[in-house]
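What follows is a single structure, written as structure tokens, with notes after it.
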Amino acid sequence: MRIQFLTVNKFITGLFCLVLSISSWAEVKPVVLIMGDSLSAEYGLPRGTGWVTLLQEQLAKDQSPWSVFNASISGETSSGGLSRLPNLLDQKKPGIVLIELGANDALRGLPANQTEANLRKMIQMSKKSGAKVLLCGIQIPSNYGQTYTMQFKNLYPLLAKQEHVELLPFFLEGVATKPELFQVDRLHPNVAAQSVIFKNVWGSMAPYSNLLKKLP
């Protein structure tokens, strides 16, 4: 009876270790975390047609072990993103953090230096966690005033240079000047624009191409 007990005990112990191993693998499965606003949250689009889905599909096509977690929220500001980021870093443990925020700050007329400070903290927080960062530049129409417009345009390359992270200079490159690529509100890109945005993002992720092919 004692021998049987020891055998069963060893079996249970082995099974427990196997479960722990599977659980540990799941926890370290690499993640690309998207921190964005309505431009990344499929606002006004059919579910599964946004550029983030196209990114996940590209990774799957390349047989990459990485997955995408889209934490984007319509109406999100840099302040809101900053407040949510710590928990997301802790829960998802991303290897790459893509930050696409700032447009709603401008719509609300928030000071550009406040947006810059929030984004800087997000970048530094992400880097401290061990993640790589891709910062997506936002540009606003000139009717916001030349000074304010230039402040917003310049803060992204400045941050990328100072914090040594990758930069997508203009998230809506190839879209912003084409009315046919926008929904009726003239603010949010339509389905046809998503492939253009995806190409912008994917091109800017080129420095991470080798990283995306393997487990961290």
Side-chain angles (χ1 to χ4, degrees), residues 26 29-85 87-89 91-108 115 119 122 126 131 133-141 152 156 166-206 208-209 212-213:
K29 187 176 182 181
V31 173
V32 179
L33 174 64
I34 312 294
M35 298 295 297
D37 50 33
S38 57
L39 299 178
S40 300
E42 293 189 333
Y43 177 88
L45 303 176
R47 296 302 90 180
T49 60
W51 73 265
V52 177
T53 298
L54 297 179
L55 173 60
Q56 180 67 79
E57 290 175 350
Q58 181 66 53
L59 292 174
K61 180 181 178 181
D62 292 345
Q63 297 184 324
S64 170
W66 289 65
S67 63
V68 178
F69 185 83
N70 191 3
S72 303
I73 298 177
S74 294
E76 184 69 292
T77 61
S78 62
S79 176
L82 176 60
S83 67
R84 293 191 299 121
L85 184 58
N87 284 340
L88 288 165
L89 291 175
Q91 294 172 7
K92 302 302 176 181
K93 295 178 173 52
I96 298 174
V97 177
L98 185 150
I99 302 174
E100 177 273 301
L101 290 170
N104 288 308
D105 295 41
L107 288 174
R108 299 182 184 192
T115 300
L119 293 177
M122 292 184 71
S126 299
V133 176
L134 173 61
L135 180 64
C136 298
I138 299 296
Q139 296 179 21
I140 58 177
F152 254 88
Y156 294 92
E166 297 301 326
L167 172 71
L168 168 52
F170 184 27
F171 185 69
L172 294 182
E173 183 69 40
V175 175
T177 59
K178 299 180 179 180
E180 68 273 16
L181 293 181
F182 283 84
Q183 300 177 40
V184 293
D185 62 8
R186 299 300 183 185
L187 291 174
H188 296 93
N190 58 25
V191 173
Q194 301 306 305
S195 61
V196 180
I197 297 173
F198 161 69
K199 289 177 182 177
N200 292 341
V201 173
W202 188 245
S204 296
M205 293 182 73
Y208 301 141
S209 59
L212 291 169
K213 294 177 183 177

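All values below were derived from every heavy atom in this structure, side-chain atoms included, with hydrogens, water molecules and symmetry-related copies excluded.
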Nearest atoms (heavy-atom pairs only) where [X] meets [Y]:
| X | Y | answer |
| --- | --- | --- |
| Gln194 | Gly50 | OE1-CA, 3.5 Å |
| Gly102 | Thr115 | CA-CG2, 4.2 Å |
| Thr53 | Gly48 | CG2-O, 3.4 Å |
| Val31 | Phe69 | CG1-CB, 3.9 Å |
| Tyr43 | Gln183 | O-NE2, 2.8 Å |
| Val97 | Met35 | CG1-CG, 4.2 Å |

Does some side-chain heavy atom of [Y] sit less than 4.5 Å from a side-chain heavy atom of [X]?
| X | Y | answer |
| --- | --- | --- |
| Leu82 | Leu101 | no |
| Ile96 | Leu33 | no |
| Ile34 | Leu55 | yes |
| Ser204 | Leu167 | no |
| Leu59 | Ser67 | no |
| Leu54 | Gln58 | no |

- [ ] Give me the ring orientation class for Phe198 and Trp202: parallel if the planes are under 30° apart, tilted from 30 to 60°, perpendicular past 60°.
- [x]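 Answer is parallel, since the angle falls under 30°.
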TODO: Answer yes or no: are there more than 12 heavy-atom neighbours, outside Glu180 itself, under 6.0 Å from its atom CD?
DONE: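 Atom CD in Glu180 is packed in, count exceeds 12.
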Task: Partners meeting salt bridge (Lys or Arg N to Asp or Glu O under 4.0 Å) with Glu76 (sequence neighbours left out) - done: Arg84
Open item on the list: My understanding is that only residues two or more places apart in sequence, or in another chain, count here; which of them pass salt bridge (Lys or Arg N to Asp or Glu O under 4.0 Å) with Glu42?
Closed with: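 Arg47.
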Counting N and O atoms only, with roles assigned by atom type, does the side chain of [X] sit under 3.5 Å from a partner on the main chain of [Y], one being a donor and the other an acceptor?
| X | Y | result |
| --- | --- | --- |
| Glu100 | Asp37 | yes |
| Asp105 | Ser78 | yes |
| Ser38 | Ala41 | no |
| Gln56 | Val68 | yes |
| Asn200 | Leu168 | no |

Got a second to check how far [X]'s [atom1] is from [Y]'s [atom2], nearest 0.5 Å?
| X | Y | atom1 | atom2 | value |
| --- | --- | --- | --- | --- |
| Ile99 | Ser72 | CD1 | OG | 11.0 Å |
| Leu39 | His188 | CG | NE2 | 6.0 Å |
| Thr77 | Asn104 | OG1 | CG | 7.0 Å |

Task: Derivation of the side chain to side chain contact (heavy atoms under 4.5 Å, CB included) call for Leu181 and Asn190 - done: CA-CA 6 Å; Leu181 293 181; Asn190 58 25; 4.2 Å; yes
Open item on the list: If only side-chain N and O atoms count, and only distance matters, is there a donor-acceptor pair under 3.5 Å linking Asp62 with Ser64?
Closed with: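 No, because no side-chain N or O of Ser64 sits under 3.5 Å from a partner of the opposite role on Asp62.
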TODO: Let me see the working for Ile197 and Leu172 under side chain to side chain contact (heavy atoms under 4.5 Å, CB included), right down to the final yes or no.
DONE: CA-CA 6 Å; Ile197 297 173; Leu172 294 182; 3.8 Å; yes
Open item on the list: The criterion is ring-ring contact (aromatic ring centres under 6.0 Å, His included); which residues satisfy it with Phe171, sequence neighbours excluded?
Closed with: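 With neighbours one apart ignored, the set is Trp51.
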TODO: Would you sort out whether Tyr208 and Val32 count as a side chain to side chain contact (heavy atoms under 4.5 Å, CB included), showing the intermediate values?
DONE: CA-CA 11 Å; Tyr208 301 141; Val32 179; over 6 Å; no
